[in-house]
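What follows is a short report on a single structure.
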Amino acid sequence: MKRDQYNQQLLGFIQQSPTPFHAVKTMKEALDNAGFQELAEEQSWNTTAGGKYYVIRNSSSIIAFVMGKQSAVNTGIRLVGGHTDSPCLKIKPNPELNKKNYFQLGVEVYGGVLLNPWFDRDLSIAGRVVFKSKGSNSPQQALINMERPVAVIPSLAIHLDREVNSKRTINPQTDIPPLLFKVNADDKNISHKEDFRAVLADELKKQLLDERTGSSDITVMDYDLFFYDCQPPAITGLNEDFIASARLDNLLSCYTGMQALLESNGEVTSLLICNDHEEVGSTSASGANGPMLKSFLERLYPDTEERARILSQSLLISTDNAHGVHPNYSDKHDNNHGPVINEGPVIKINANQRYATDSVTSSLFRHLCEEEGVSVQSFVTRTDMGCGSTIGPITAANIGVQTLDVGVPTFAMHSIRELAGVDDAHNLFKVLSGFYNSQDSLVIAS
């Protein structure tokens with residue numbers, strides 16, 4: 001696939017994926033179209049060599065894999081990992097606020113959000129809703145996406161805070177509840193409008209419930225809902241060098257890993273895992289620090305010795321965005337390890353195992369880049385600064401597979417709108433495609 005076509009499809013994927021639930025739904029549709037078969041965790045599995053399958057947990061994490069025509073005991077497994085979640089604002093269970101006749105919703109901060117860019121944005125709401133409908137005793141769940149701008153967090157005018165550009169701090173409890181509408185005291189439906197669950201029930205009826213249940217009597221039980229920026233992704237820059245979008249961290253990696261898996265020739269067992277909850281520590285049933293991948297491998301290879309032999313020959317490439325060296329803040333980087341946008345994927349290294357890379361796994365990745373004619377860069381944080389982490393070290397510790405962390409250079413990570421390069425995702429796609437299709441040994445002899 002050519003670079004420009006690849007990037008346009010990447011932008012479309014991100015636009016369709018405002019939440020982890022929507023990202024997994026979008027991936028499921030692409031996998032279905034490519035002939036992959038869903039395996040339900042509550043049912044027995046019957047996989048065959050050359051088969052293509054996927055497993056979903058919590059509607060927000062997914063494992064997709066191709067069973068190699070060659071035995072994994074001889075080839076190991078080629079694994080790529082990413083995460084489906086991004087820092088954002090999550091709506092509280094009882095969110096209704098009415099201040100000075102303005103209706104707002106209370107929110108929690110999900111993950112390490114850069115809060116300033118959330119002000120003065122056209123915001124919408126998306127996520128998962130659990131409900132009951134008339135005539136049904138069992139709860140059901142559905143995804144919802146309002147798509148249109150329904151809220152905003154207005155900034156305080158500089159006239160009322162003259163030191164805003166030098167001393168402003170943000171209180172996440174009081175300063176960021178989004179504004180939805182002006183309350184009209186004469187409106188006869190005011191109580192209904194101020195019941196957020198009633199608003200959700202109306203939205204569900206409009207979006208999908210008529211065709212599913214035929215019922216207009218809907219009761220919302222609970223939800224996992226998030227605000228997101230309505231501005232669509234774009235190619236930007238005078239020379240169109242950049243991709244500007246929400247959720248590049250880490251939907252870019254999820255899409256890139258999926259497209260590479262779709263290009264797999266099926267000779268060796270190849271797997272993509274995209275976990276939820278990375279931005280809040282990965283500790284959940286569907287997070288990387290939970291049992292999802294381990295239990296999956298145990299089901300796929302129930303014999304303990306066989307599974308150990310397979311994992312000893314396998315490699316996990318954990319793909320999560322890397323900090324590009326910012327021209328206005330270059331002193332925030334180690335001078336010898338400042339990745340540049342559009343100059344190749346980045347190997348991420350940390351002496352304290354915040355990244356799982358070591359000299360063996362980085363050498364395997366450098367070899368893959370050489371095979372594809374792709375330049376590669378290195379990132380090490382300044383020694384006097386802290387370092388983020390990824391699913392890489394967690395997954396390596398849970399299943400004992402050799403691992404490295406890589407990503408594409410990015411600006412404004414954890415902002416409501418991030419910036420990456422038009423060359424980098426496509427180059428990472430080429431390397432991961434080569435990884436899935438390579439039959440070279442993943443073990444470097446000592």
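Please read these numbers as outputs of a predicted model, since none were measured by experiment.
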> Could you go step by step and tell me if Ile273 and Asn275 meet the side-chain contact (heavy atoms from CB on, under 4.5 Å) rule?
Replying inline: CA-CA 6 Å; Ile273 179 165; Asn275 290 112; 3.6 Å; yes
Check whether any side-chain heavy atom of [X] lies under 4.5 Å from a side-chain heavy atom of [Y], and answer yes or no.
{"X": "Ile243", "Y": "Pro233", "result": "no"}
{"X": "Pro345", "Y": "Val374", "result": "yes"}
{"X": "Lys25", "Y": "Gln16", "result": "no"}
{"X": "Arg3", "Y": "Asp423", "result": "yes"}
{"X": "Leu123", "Y": "Cys230", "result": "no"}
{"X": "Val408", "Y": "Leu252", "result": "yes"}
{"X": "Phe65", "Y": "Leu39", "result": "yes"}
{"X": "Ile317", "Y": "Thr361", "result": "no"}

Under a 3.5 Å cutoff, is there a donor and acceptor pairing between the side chains of [X] and [Y]?
{"X": "Lys182", "Y": "Tyr102", "value": "no"}
{"X": "Ser60", "Y": "Asp276", "value": "yes"}
{"X": "Glu278", "Y": "Thr390", "value": "no"}
{"X": "Ser284", "Y": "His277", "value": "yes"}
{"X": "Asn321", "Y": "Thr410", "value": "yes"}
{"X": "Asn145", "Y": "Tyr228", "value": "yes"}
{"X": "His414", "Y": "Glu279", "value": "yes"}
{"X": "Arg382", "Y": "Asn335", "value": "no"}
{"X": "Asp249", "Y": "His83", "value": "yes"}
{"X": "Asn250", "Y": "Ser253", "value": "yes"}

>> Run Asp222 and Arg197 through salt bridge (charged side-chain N to carboxylate O under 4.0 Å, His left out) and show every step you take.
In response: CA-CA 8 Å; Asp222 227 323; Arg197 281 175 167 77; 3.4 Å; yes
Taking atom [atom1] of [X] and atom [atom2] of [Y], what is their separation to the nearest 0.5 Å?
{"X": "Glu38", "Y": "Lys28", "atom1": "CD", "atom2": "NZ", "answer": "4.0 Å"}
{"X": "Leu262", "Y": "Ser270", "atom1": "CG", "atom2": "OG", "answer": "11.5 Å"}
{"X": "Lys348", "Y": "Leu404", "atom1": "NZ", "atom2": "CG", "answer": "10.0 Å"}
{"X": "Thr357", "Y": "Asp405", "atom1": "OG1", "atom2": "CG", "answer": "5.0 Å"}
{"X": "Asp32", "Y": "Met27", "atom1": "CG", "atom2": "CE", "answer": "12.0 Å"}
{"X": "Ser155", "Y": "Arg121", "atom1": "OG", "atom2": "CZ", "answer": "11.0 Å"}

Mind checking whether [X] and [Y] have ring centres under 6.0 Å apart?
{"X": "Tyr6", "Y": "Phe429", "answer": "yes"}
{"X": "Phe13", "Y": "Tyr255", "answer": "yes"}
{"X": "Phe365", "Y": "Phe435", "answer": "no"}
{"X": "Phe196", "Y": "Tyr223", "answer": "yes"}

>> Ring-plane angle category for Phe379 and His333, please: parallel below 30°, perpendicular beyond 60°, tilted otherwise.
In response: perpendicular
> Given the rule in the side-chain contact (heavy atoms from CB on, under 4.5 Å) test, do Leu272 and Tyr436 qualify, once you have shown the distances and angles that lead to the verdict?
Replying inline: CA-CA 10 Å; Leu272 170 69; Tyr436 280 142; 3.7 Å; yes
> Can you check salt bridge (charged side-chain N to carboxylate O under 4.0 Å, His left out) on Asp161 and Arg168, steps first, answer last?
Replying inline: CA-CA 8 Å; Asp161 184 4; Arg168 185 186 187 192; 5.2 Å; no
>> Please evaluate residues Phe411 and Phe242 with respect to the criterion ring-ring contact (aromatic ring centres under 6.0 Å, His included), reporting the C-alpha separation (whole Å), side-chain torsions for both, the decisive distance (0.1 Å), and the verdict.
In response: CA-CA 10 Å; Phe411 291 158; Phe242 308 114; 7.2 Å; no
>> Among Leu316, Ile394, Ile391, exactly one meets side chain to side chain contact (heavy atoms under 4.5 Å, CB included) together with Thr403. Which residue is that?
In response: Leu316
>> Run the side-chain contact (heavy atoms from CB on, under 4.5 Å) test on Asp120 and Ile153 for me, step by step, so that the C-alpha distance in whole Å, both residues' side-chain angles and the decisive distance to 0.1 Å come before the verdict.
In response: CA-CA 6 Å; Asp120 308 317; Ile153 308 172; over 6 Å; no
>> Does Leu271 form a side-chain contact (heavy atoms from CB on, under 4.5 Å) with Val80? I'd like the steps, not just the answer.
In response: CA-CA 6 Å; Leu271 183 150; Val80 172; over 6 Å; no
> Can you check salt bridge (charged side-chain N to carboxylate O under 4.0 Å, His left out) on Glu41 and Arg57, steps first, answer last?
Replying inline: CA-CA 8 Å; Glu41 288 195 281; Arg57 181 174 288 189; 2.6 Å; yes
